[in-house]
Amino acid sequence: MIAPGDMAACRAMIRTGSLSFHAASRLLPARVRDPALALYAFCRVADDDVDEVQDKAHAVLRLRERLDLIYAGRPEPRSSDRAFAAVVEGFDMPRTLPDALLEGLAWDAMGRRYRTLSDLHAYSARVASAVGVMMCVLMRVRDPDALARAADLGLAMQLTNIARDVGEDARAGRLFLPLDWLAEAGIDVDAFLADPRPSPALAGVVRRLLAVAEDLYLRAGAGVSALPSDCRLGIAAARHIYAAIGSEVARAGHDSVTRRARTSRGQKLVLMGKAAGASLLTHLMPQPAQLHARPVPEVAFLVEAAGQRPARAQRSETLLAILSQLEARDRRGAV
């Protein structure tokens with residue numbers, strides 16, 4: 001059980017920090033909505049703790065310590081940590097899933113860039129698909145096909161975020177667009193980061209990324225029918241609301257440098273109605289063939305980990321290597 005005070009704090013975090021998820025979460029049953037809010041609050045705090053400090057390596061290492069305490073049943077005295085510890089215990093959450101998020105944040109701390117779409121998928125798997133798969137765990141869903149479609153949704157959402165935030169990221173010295181796509185478009189990365197401006201070439205790269213996201217949203221939609229009946233509307237709503245952000249980017253001529261796309265309250269209400277129709281159809285139509293599509297290779301480790309019963313508590317070699325690099329960087333910074 002999540003303590004009422006901790007639950008209230010998590011709700012407040014999401015109400016102000018993630019409007020799209022907050023809107024969709026209201027459509028989930030309470031048995032899933034409350035642990036989902038706790039999960040998202042922990043992820044939000046973790047992301048902010050790394051993103052908003054100068055010493056990002058130290059922040060990631062502190063997050064590793066917090067996860068160690070959570071999985072030992074002794075969380076730090078933070079509402080988000082205590083609430084997530086209750087979720088971990090109550091749902092037998094595989095350690096691989098939050099560790100994947102930790103690894104993605106470690107990549108952020110190292111300023112990693114992504115040469116190919118596959119490299120970007122690997123990053124998105126960690127910072128977004130891991131959360132989608134954890135959502136399935138909260139619904140007591142461990143079917144590999146459903147997990148793969150949840151991972152698709154996470155990939156699609158993250159690619160949408162990247163497409164929306166090109167200018168904001170560039171002004172902060174960050175770049176997530178595939179480097180080989182930028183090279184093909186004739187865009188000099190250093191020049192763009194020094195003076196971020198929209199251009200037809202950059203709009204083409206953003207359009208290309210949103211096309212990949214759209215294909216993933218279609219695959220993810222096939223997974224809604226594999227979820228518990230009372231969870232389908234909330235997940236369908238999240239899918240439609242996030243996909244609409246990409247549509248807003250397109251409506252602005254794929255310029256996400258001088259403006260940041262968002263959906264209005266009225267649009268969200270319309271999208272929830274659209275999601276209601278899509279959810280209803282899952283009760284009337286046979287399951288689509290795309291439900292059984294193989295997972296994108298970069299998310300396969302998440303699908304495997306979530307399907308383990310009981311969950312195995314082990315860390316990947318890649319995560320251990322990344323953390324070792326961060327420890328070395330942290331030690332150098334302390335000298």
Side-chain angles (χ1 to χ4, degrees), residues 21 24 28 32 36 39-40 43 91-101 103-104 116-162 209-229 231-243 246 275 278-279 281-282 285-312 314 316 318-319:
F21 178 75
L28 291 169
V32 176
L39 165 63
Y40 268 74
C43 294
F91 292 87
D92 190 25
M93 184 67 70
R95 178 71 188 257
T96 298
L97 304 181
D99 268 354
L101 174 64
E103 186 174 3
T116 67
L117 179 62
S118 176
D119 294 337
L120 186 57
H121 277 340
Y123 169 72
S124 300
R126 285 157 175 80
V127 298
S129 292
V131 180
V133 172
M134 283 192 275
M135 284 292 298
C136 272
V137 173
L138 300 186
M139 297 176 204
R140 309 289 185 184
V141 172
R142 303 272 186 154
D143 174 72
D145 288 334
L147 294 169
R149 303 292 74 80
D152 286 340
L153 184 56
L155 290 178
M157 288 177 166
Q158 184 63 23
L159 297 184
T160 300
N161 285 340
I162 290 168
L209 191 65
L210 287 175
V212 175
E214 181 59 30
D215 287 343
L216 289 163
Y217 280 123
L218 290 173
R219 282 165 53 107
V224 173
S225 64
L227 302 177
S229 298
C231 295
R232 295 178 190 179
L233 177 55
I235 301 306
R239 171 179 173 264
H240 284 287
I241 290 171
Y242 259 89
S279 177
L281 284 177
T282 65
M285 303 292 289
Q287 288 186 329
Q290 274 194 314
L291 171 62
H292 308 295
R294 289 185 178 181
V296 174
E298 293 80 8
V299 306
F301 77 103
L302 299 171
V303 174
E304 179 183 0
Q308 295 289 335
R309 287 294 192 90
R312 292 182 297 178
Q314 61 181 39
S316 71
T318 57
L319 174 59

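For reference, positions follow the sequence shown, starting with 1.
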| Has the side chain of Arg239 got a donor or acceptor atom that lies under 3.5 Å from a matching backbone atom of Tyr217? |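 Yes, because the side chain of Arg239 sits within donor-acceptor range (under 3.5 Å) of the backbone of Tyr217.
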| field | Exam field: side chain Arg142 to backbone Ala306, donor-acceptor pair closer than 3.5 Å | value |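 Present.
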With the side chain counted from C-beta on, respond yes when [X] and [Y] share a heavy-atom pair under 4.5 Å apart, and no when they do not.
| X | Y | result |
| --- | --- | --- |
| Leu153 | Met157 | yes |
| Tyr40 | Met135 | yes |
| Leu210 | Leu159 | no |

| query | Between His121 and Leu216, does a side chain to side chain contact (heavy atoms under 4.5 Å, CB included) hold up when you go through it step by step? | reply | CA-CA 11 Å; His121 277 340; Leu216 289 163; 4.1 Å; yes
| Looking only at side chains, do Asp119 and Thr116 share a donor and an acceptor under 3.5 Å apart? |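 Side chains of Asp119 and Thr116: pair found under 3.5 Å.
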Nearest atoms (heavy-atom pairs only) where [X] meets [Y]:
| X | Y | value |
| --- | --- | --- |
| Val137 | Pro94 | CG2-CD, 4.5 Å |
| Ala213 | Thr160 | CB-OG1, 4.0 Å |
| Arg232 | Ser279 | CB-OG, 3.5 Å |
| Leu101 | Cys43 | CD2-SG, 3.6 Å |

Give, for atom [atom1] of [X] and atom [atom2] of [Y], the distance between the pair rounded to the nearest 0.5 Å.
| X | Y | atom1 | atom2 | answer |
| --- | --- | --- | --- | --- |
| Thr96 | Glu304 | OG1 | CD | 8.5 Å |
| Leu97 | Met134 | CG | CE | 5.5 Å |
| Leu117 | Leu209 | CG | CG | 7.5 Å |

| Intermediate values then yes/no, side chain to side chain contact (heavy atoms under 4.5 Å, CB included), Leu302 and Leu147 | CA-CA 8 Å; Leu302 299 171; Leu147 294 169; over 6 Å; no
Anything under 3.5 Å between a donor and an acceptor, one on a side chain of residues 291-300, the other on a protein residue two or more places apart or in another chain? List them.
| unit_1 | atom_1 | unit_2 | atom_2 | d |
| --- | --- | --- | --- | --- |
| His292 | ND1 | Asp145 | OD2 | 2.7 |
| Glu298 | OE2 | Ser118 | OG | 2.5 |

Residues 123-130, side-chain donor-acceptor partners within the protein, below 3.5 Å, at least two apart:
| unit_1 | atom_1 | unit_2 | atom_2 | d |
| --- | --- | --- | --- | --- |
| Tyr123 | OH | Asp108 | OD1 | 2.9 |
| Tyr123 | OH | Asp108 | OD2 | 3.1 |
| Ser124 | OG | Leu120 | O | 3.0 |
| Arg126 | NE | Glu103 | OE1 | 3.2 |
| Arg126 | NH1 | Ala122 | O | 2.8 |
| Ser129 | OG | Ala151 | O | 2.7 |
| Ser129 | OG | Leu155 | N | 3.4 |

Give every donor-acceptor pair under 3.5 Å between a side-chain atom in residues 221-228 and any protein atom, sequence neighbours left out.
| unit_1 | atom_1 | unit_2 | atom_2 | d |
| --- | --- | --- | --- | --- |
| Ser225 | OG | Ala222 | O | 3.3 |

